[in-house]
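One structure is given below, encoded as structure tokens.
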Amino acid sequence: MRNEEIATRFSEIADMLDILGEDTFRSLSYQRAARQLESLTENVEDLVREGRVDQIPGIGRALAEKITEYVTTGRIPYYDELRAKFPPGVLDLLKVRGLGPKKVKVLWQELGITDLDTLKAAAEKHLLRRVKGFGEKTEENILRAIELVKEGEARTFLADAARIVDGITERMKAGKTVERIEAAGSFRRMRETVGDVDILAVAKDRAAAGAAFERLPGVVEVLASGETKVVVRLEYHDYEGSRRTIQVDLRILDPDSWGAGLQYFTGSKDHNIRLRTMAERRGLKMNEYGVFRDEKRIAGDTEESMYSTLELAWIPPEMREDQGEIDLAATGRLPELVELPDIRGDFHVHTNATDGTEPLEAMVEAARRRGYAFVGISDHSVSATVAGGMTAEQALSRRDRVRALNRESKDFTVLLGTECDILDGGEMDYPDDVLKELDFVIASVHSRFTLPEETQTARIVAAVQNPHVNILGHPTTRQIGWRGPIQLDLDDVFKACAKAGTAIEIDADPRRMDLNSTQARAAKNAGCTISVDTDSHASGNLVWMRFGVGTARRAWLTAAEVLNAWPLEKIRDFLR
DNA sequence: GCCGTTTTCGGCCCGACTGTTTTCAGTCG
């Protein structure tokens with residue numbers, strides 16, 4: 001898939017056009033096209049082959065031509081031409097908070113600043129304040145912001161964002177300065193990572209609420225502090241213990257505008273633009289304060305009122321990405337998305353028999369306490385040496401322990417499975433006569449990540465066609481911020497899974513989120529069944545199911561399409 | 001650059017905040 005490569009180039013073209021001071025609407029077109037390509041479920045190469053590129057919303061004749069050029073020749077001449085005008089580091093300057101295209105242009109053309117290093121040196125020598133529009137304060141802010149550039153590129157894992165959001169809302173509620181408080185933005189849309197956290201609140205005394213927000217534990221810097229908006233940088237430790245920071249915005253709303261603010265700040269941007277356009281056609285004005293006819297507010301206290309004014313059903317936040325959801329809402333065809341309470345169990349759970357930290361019984365008990373009907377134990381197979389993989393004999397030896405547990409309890413079932421390595425040529429790490437003795441089999445890649453696409457695809461297709469394999473685990477093996485996805489023709493894998501009756505996983509480990517929502521939606525469209533699992537290595541990890549379900553909802557999945565939302569009897573049929 | 005059931009030309013979201021200004025430009029979301 002070259003969707004992301006093209007998206008990146010379009011996004012860079014937009015940056016370059018901005019710095020050159022070209023028409024901003026042209027730049028916006030490139031940005032919008034880039035976002036569309038990122039969330040496109042189809043392979044853009046297929047669309048080119050079928051002559052359907054210009055059917056992508058936001059892609060017209062000119063951009064369709066550039067996409068076609070890239071797919072057929074590997075180059076976009078217009079991109080190369082623009083790129084040649086810029087020293088390599090100039091676009092990096094845009095990553096500095098407070099520096100936009102206008103300021104970057106001035107720094108580059110008047111001071112010859114072409115990368116972050118020369119910018120830092122110039123600011124330290126107080127050269128910036130000599131330029132019109134720059135002062136002492138800007139210079140100081142730039143020096144601080146340079147330090148944050150690297151960190152700013154690292155987005156926050158969804159699970160960490162959730163802990164931050166929960167911590168802030170609890171503390172603000174306890175402080176009694178807010179009457180109502182809720183997170184919006186990409187967190188509410190359950191994106192796999194979030195860039196910053198948006199918190200909305202209603203407060204009688206705005207100043208007091210703002211002050212309480214600025215004094216939250218972990219606040220290391222106050223970036224803005226107005227009557228309706230306060231922005232801070234907050235320090236936190238991620239789920240693996242590393243110290244990081246994130247920007248948190250607080251917006252203080254009137255109760256009458258609560259729904260409008262929630263809708264507006266939840267986004268996405270493209271979803272909102274489409275709604276506003278619809279409002280305009282009806283002679284209405286839509287913003288973060290409500291929907292207005294002339295000067296009169298006709299909606300805004302609830303999100304439902306905002307949507308119903310446009311004759312739309314309320315759209316779940318996870319679907320608000322301008323991917324066709326508005327048309328469905330207009331015609332009453334929104335899918336009934338899977339919800340956390342629909343989930344009856346978790347197939348991907350490790351114990352201390354391999355690289356988990358707790359015994360089988362402890363993991364079982366933790367799953368039972370979550371209200372599940374079943375848990376699948378899936379420890380590593382022998383070839384996963386770094387994870388302490390079990391031999392076939394060890395894997396089968398636990399059958400008695402599991403039978404005993406199942407005898408004890410009528411309303412809870414332990415399924416004994418394996419996360420079995422896919423070997424070099426697509427063979428399974430255990431022989432078939434071992435696999436068939438287990439209740440289920442997850443097949444996963446833990447080696448040979450760099451195989452060429454064709455070989456890797458053939459390897460995985462062979463694995464999912466094994467009649468004993470039930471679920472393909474973390475299909476792309478990517479780990480956010482560490483390792484990219486393996487080279488894989490996912491379309492072929494989806495087709496093979498759908499045909500073979502093998503489910504495909506959304507692995508909800510915060511670093512994995514694999515499949516991601518776009519891929520999961522493509523899998524759904526290919527007719528695959530999806531299994532949403534946590535890949536837990538400790539009982540505390542079982543809570544990650546919330547984020548796996550969030551990803552499933554972003555993929556428009558219903559409970560009927562999620563394997564572990566089915567009744568146990570139906571699941572047993574599927575595993576047979 | 002894109003787009004069209006008021007348009008194939010003329011629109012394209014806009015409000016909050018900061019820091020620089022002497023009344024507002026630039027950035028951000």
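Heavy-atom basis, side chains included; hydrogens, waters and symmetry copies ignored.
The same atom, P, is picked in B:dG26 and in B:dT20; the two are 14 Å apart, to the nearest Å. Between B:dT5 and B:dG1, the distance separating the two P atoms is 24 Å to the nearest Å. Nucleotides B:dC3 and B:dT8 place their C1' atoms 10 Å apart, quoted to the nearest Å. To the nearest whole angstrom, the two C1' atoms, one in B:dC9 and one in B:dT18, are 38 Å apart. B:dT21 and B:dG29 have their P atoms separated by 24 Å, with the value rounded to a whole Å. B:dC2 sits 16 Å from B:dC13 when the P atoms are compared, rounded to a whole Å. Rounded to the nearest Å, the gap between the C1' atom of B:dT7 and that of B:dC12 is 13 Å. Taking the C1' atom of each, B:dT6 and B:dG10 are spaced 13 Å apart, rounded to whole Å.
Under a 4.0 Å N-O distance rule, the pair A:E139/A:R129 qualifies as a salt bridge. Residues A:D166 and A:R163 are not paired through a salt bridge, judged by the lack of any N-O separation under 4.0 Å between the basic side chain and the carboxylate. For the pair A:E318 and A:R188, the salt-bridge criterion is not met [side-chain N within less than 4.0 Å of a carboxylate O]. The existence of a salt bridge linking A:R274 and A:D322 is confirmed by a sub-4.0 Å separation between a basic side-chain nitrogen and an acidic carboxylate oxygen. A salt bridge does not link A:E280 to A:K285: none of the charged nitrogens lies less than 4.0 Å from a carboxylate oxygen. Salt bridge status for A:E192 with A:R155: absent, with no side-chain N to carboxylate O gap under 4.0 Å. Look at A:R75 and A:D80 and you find a salt bridge, because one of the NZ, NE, NH1 or NH2 atoms lies within 4.0 Å of a carboxylate O, short of that distance.
OP1 or OP2 of B:dG1 lies within a sub-4.0 Å distance of a side-chain N or O belonging to A:K66. When the side-chain nitrogen and oxygen atoms of A:Q247 are compared with OP1 and OP2 of B:dG29, one or more of them lie within a distance under 4.0 Å.
DNA chain B is contacted by A:G133, A:F134, A:G135 of residues 105-135 of chain A, taking any non-hydrogen atom closer than 4.0 Å. Non-hydrogen atoms lying under 4.0 Å from DNA chain B are contributed by A:Y78, A:V96, all within residues 73-96 of chain A.
Rounded to an integer number of Å, the gap from CZ of A:F265 to P of B:dG29 is 12 Å. When rounded to the nearest whole Å, the span between CZ of A:R188 and C1' of B:dG29 equals 17 Å. In this structure, CZ of A:R26 is placed 12 Å from C1' of B:dC2, rounded to the nearest angstrom. Counting to the nearest Å, the C1' atom of B:dC3 and the CG atom of A:D54 are 13 Å from each other. Atom-to-atom, CD1 of A:I67 to P of B:dG1 comes out at 12 Å; the value is rounded to the nearest Å. The separation between A:R61 atom CZ and B:dG1 atom P is 11 Å, rounded to whole Å. Atom CD of A:E136 is separated from atom P of B:dG19 by 12 Å (rounded to the nearest Å). Rounded to an integer number of Å, the gap from A:R191 CZ to B:dG29 P is 13 Å.
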task: Using a 4.0 Å heavy-atom cut-off, write out nucleotides 12-18 of chain B from 5' to 3' as B (base contacted by protein), S (sugar-phosphate only) or - (no contact).
output: BB-SSSS

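Rounded to the nearest 0.5 angstrom, A:D327 CG and A:L312 CG are separated by 9.5 Å.
Nucleotides of DNA chain B nearest to A:V104 and A:S29 differ in position, and the one nearer the 5' end is that of A:S29. For the pair A:D196 and A:P57, both in contact range of DNA chain B, the more 5′-proximal nearest nucleotide belongs to A:P57.
Geometric assessment of A:R9 against the ring of A:Y79 yields a positive cation-pi assignment under the 6.0 Å and 45° thresholds.
Here A:R32 lies out of heavy-atom contact (under 4.0 Å) with every strand. Residue A:L99 is in sugar-phosphate contact alone, with no base atom involved, counting any heavy-atom pair closer than 4.0 Å across all strands shown.
In B:dT7 the base sits syn relative to the sugar, since the glycosidic angle is no further than 90° from 0.
Contact of the A:K229 side chain with the A:L250 side chain is not registered, since no non-hydrogen atoms from C-beta on lie closer than 4.5 Å.
The salt bridge (charged side-chain N to carboxylate O under 4.0 Å, His left out) test with A:E321 is passed by exactly one of A:R35, A:R189, A:R553: A:R189.
Scanning all heavy atoms of the two residues, the minimum distance from A:V532 to A:A552 falls at CG2-CB, 4.2 Å.
The backbone N or O of A:L340 sits nowhere less than 3.5 Å from a side-chain atom of A:R546 that would complete a donor-acceptor pair.
Base pairing annotation: B:dG11 forms a Watson-Crick or G-U wobble pair with B:dC2, both donor-acceptor distances under 3.5 Å.
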